[in-house]
Amino acid sequence: MTTYSRRLLASLLLLASSTFAAERARIDVRTDQPGASINPSMWGVFFEDINFGADGGLYAELVKNGSFEFPDPRTGWKKLGDKQVDDRIRYQQRDGGKTPANQRYVDIHGDGTGTWGLVNEGFRGIGVRVGENYDFSVEMRSASNGLMKLRVELINEKGVLAAAEIEGGNSNWRRFTATLVPKATEAKASLRITAIGLGHLQVDRVSLFPRNTWKNRVQGLRADMVQALADMKPGFIRFPGGCIVEGPNLALRYQWKKTILPKEERELLFNRWNTEMKDRQAPDYYQSFGLGFFEYFQLCEDLGAQPLPIINCGMACQFNSAELVPLEDLQPYIQDALDLIEFANGPVTSEWGAKRAALGHPAPFNMKLLGVGNEQWGPQYVERFDAFAKALKASHPEIELIAAAGPSPSDARFQYLWQNWRQLNPDYVDEHSYSPPAWFIEAFNRYDAYSRQGPRVFVGEYAAHTKGNRNNLEAALAEAVFMLGLERNADQVRLAAYAPLFAHVDAWQWRPDLIWVDNLRVMPTPNYFVQQLFSLNRGSQVLPTALSDAKPGSLFASASLEESSGEVIVKVVNPTAQPVEAVLSLEGRRTTPALCRRIQLSGATPSDENTLEQPAQVSPKTEGERPFDQIQTFAPYSFTILRIR
Ligand code: AHR
């Protein structure tokens, strides 16, 4: 080939490639200009006892109303035997009603036939696995001339799955235990207790736990649910709510001090999600506080997450009673917050630090963040927050305080609060958004224009609500676009969490939710995988990223640098039905990028979802490392992460 024809061929090839390139989008990442550092705790979770998230969920107790303390002591229990002779099973007052947390027990009057007893339905059934150990316990005493026994059985429609007999003891209350080992797996078993013998067998605090709990803690948390959280490596856990912090009225607000007492002294409380949703009522929904503040702090420590408690600010839920504590009576509420800091961080020689130590944790929990109020609004909130902030900052300037921005991301209540927060300067403002997917896509730029002076942003609750409120790919991709916008603004937005976290398929009040469970299974949603991908591929610094030549709305991108490994992490969302090809240019790099690992979450349609049977239908797929290619194709309905070395 002559020099001339070689030149001609080269120009033709250049022409062809530039014509083709013009149809491609461009993503330009400035690798030599690392910007804001991304908070290592940026991507966290928000836990609330909603949708049977704690009782019937994370807290592994399998017996509902085991202490007969629900307002109707029969809740969850069915009597066995001849219904005509109802007086053989009676609910009676315990210890003259002196112990607020334990007011009742049940008296079973056995007639020697061994047919009198009760069946507990659990939380929409009791999930048990073949061959595993289940620890039954009960407080009992008996009044009889002969020996009485309690027969304990796990049953399903086909018969008995596991059984044990416990001698009923004497006239003193005592705790008895037995191990049940089911011969079959059953998601909806029941627990039957029957009095054997002639006389009165008195029974209280009936309990059944899987032995296999998270970290094998006695009466601990459901291992598979905690594992799903651990797999996200959350940067923080916001707890215990949510609206339950506020309560429908002040008497029903969340009081953390009552939740660190010995378990038998933790008083049952109405759960506001019992009645809150008119079409999803849950009359059997109460808070046992088996998962209390000590357990929350312990969970944070287990998962390496920052504890981020929310405390009542002297206001009940403004969607309910809106009851207010007068400003002059606010001190006990402020003291609760001060004591909480001492409980979490104080020395073992302090009053509340000593209580932490007595619970088995002398070392501090290193709490650094505290929310005052949940979704409050209006001048009454501003006044109350201010009173809290003055007292808390005076004694604990090291604790960063979070103020709420109300229940909506842009209404008049939100504007009013932000104006005030610009004056009062809390460390963070907690914004909440439950909006359609389009809102989240538009909000890609939301934080670009936020002032960098004053409070930073904590996006404490958000979820894209599709038609029918489904946890589908459409919602997950919209959230991913939003999260790209948060990442790009990581100097201003320092913390974020999806909400709500858990839902039981047979007991939910609110959807969508990040993780669905039944009594034996856990189903991560596409939304879960988006959260997990952001958390596991966070990066340490934002890299300036520019997108060009893409059809509006067809591609969204952000990039970060992982300083420790030198990797560039590029995140790209294509929420459309068409593939998008892009030239990915890493500007200012000192070496040629060598290898790239591609992780992609995608599906065939925006309505793709996971199911309990197929929990990984929509889940990320990771390709092995391969040489970096500047030309990347982003599949329809996809979220792609490129980790480039
Ligand atoms: O996440 C469910 C509820 O939504 C929370 O309890 C509340 O803060 C918000 O309104």
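The structure presented is a predicted model; accordingly, all values stated were derived computationally and were not measured. Ligands are counted one by one from 1 in listed order, and the atoms in each one are counted from 1 as well.
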Is NZ or CZ of R272 both nearer than 6.0 Å to the six-membered ring centre of F319 and within 45° of the ring axis? no
What atoms in ligand 1 come closer than 4.0 Å to a heavy atom of E48? 2 (C), 5 (C), 6 (O)
Sorted by first residue and then second, give each ring-ring contact (aromatic ring centres under 6.0 Å, His included) pair with at least one member in residues 470-492; sequence neighbours left out. W439-F482, F440-F482, Y462-F482
Within the 4.0 Å heavy-atom shell around E375, which atoms of ligand 1 are there? 7 (C), 8 (O), 9 (C), 10 (O)
Which of these, S602, P526, P606, sits in a side-chain contact (heavy atoms from CB on, under 4.5 Å) with Y637? P606
Would you say L369 and Y428 make side-chain contact, with heavy atoms under 4.5 Å? yes
Considering only protein heavy atoms, which is closest to atom 4 (O) of ligand 1, and at what distance to one decimal place? E461 OE1, 3.2 Å
Contact between ligand 1 and G241 is defined here as a heavy atom of the residue under 4.0 Å from a ligand atom; is it met? no
Min N/O separation N374 to ligand 1 under 3.5 Å: yes
Which of the numbered atoms in ligand 1 are below 4.0 angstrom from a heavy atom of G242? 5 (C), 6 (O), 8 (O)
Less than 4.0 Å between a side-chain N and a carboxylate O, is that true for R253 and E246? no
Backbone, side chain, both or neither: what part of W273 comes under 4.0 angstrom of ligand 1, heavy atoms only? side chain
Is R238 paired with D430 through a side-chain N to carboxylate O contact shorter than 4.0 Å? yes
Heavy atoms only, cut-off 4.0 Å: how does I244 contact ligand 1, side chain, backbone, both, or neither? neither
Is it the case that ligand 1 has an N or O less than 3.5 angstrom from some N or O of Y434? yes
N-O pairing of K257 and E267 below 4.0 Å: no
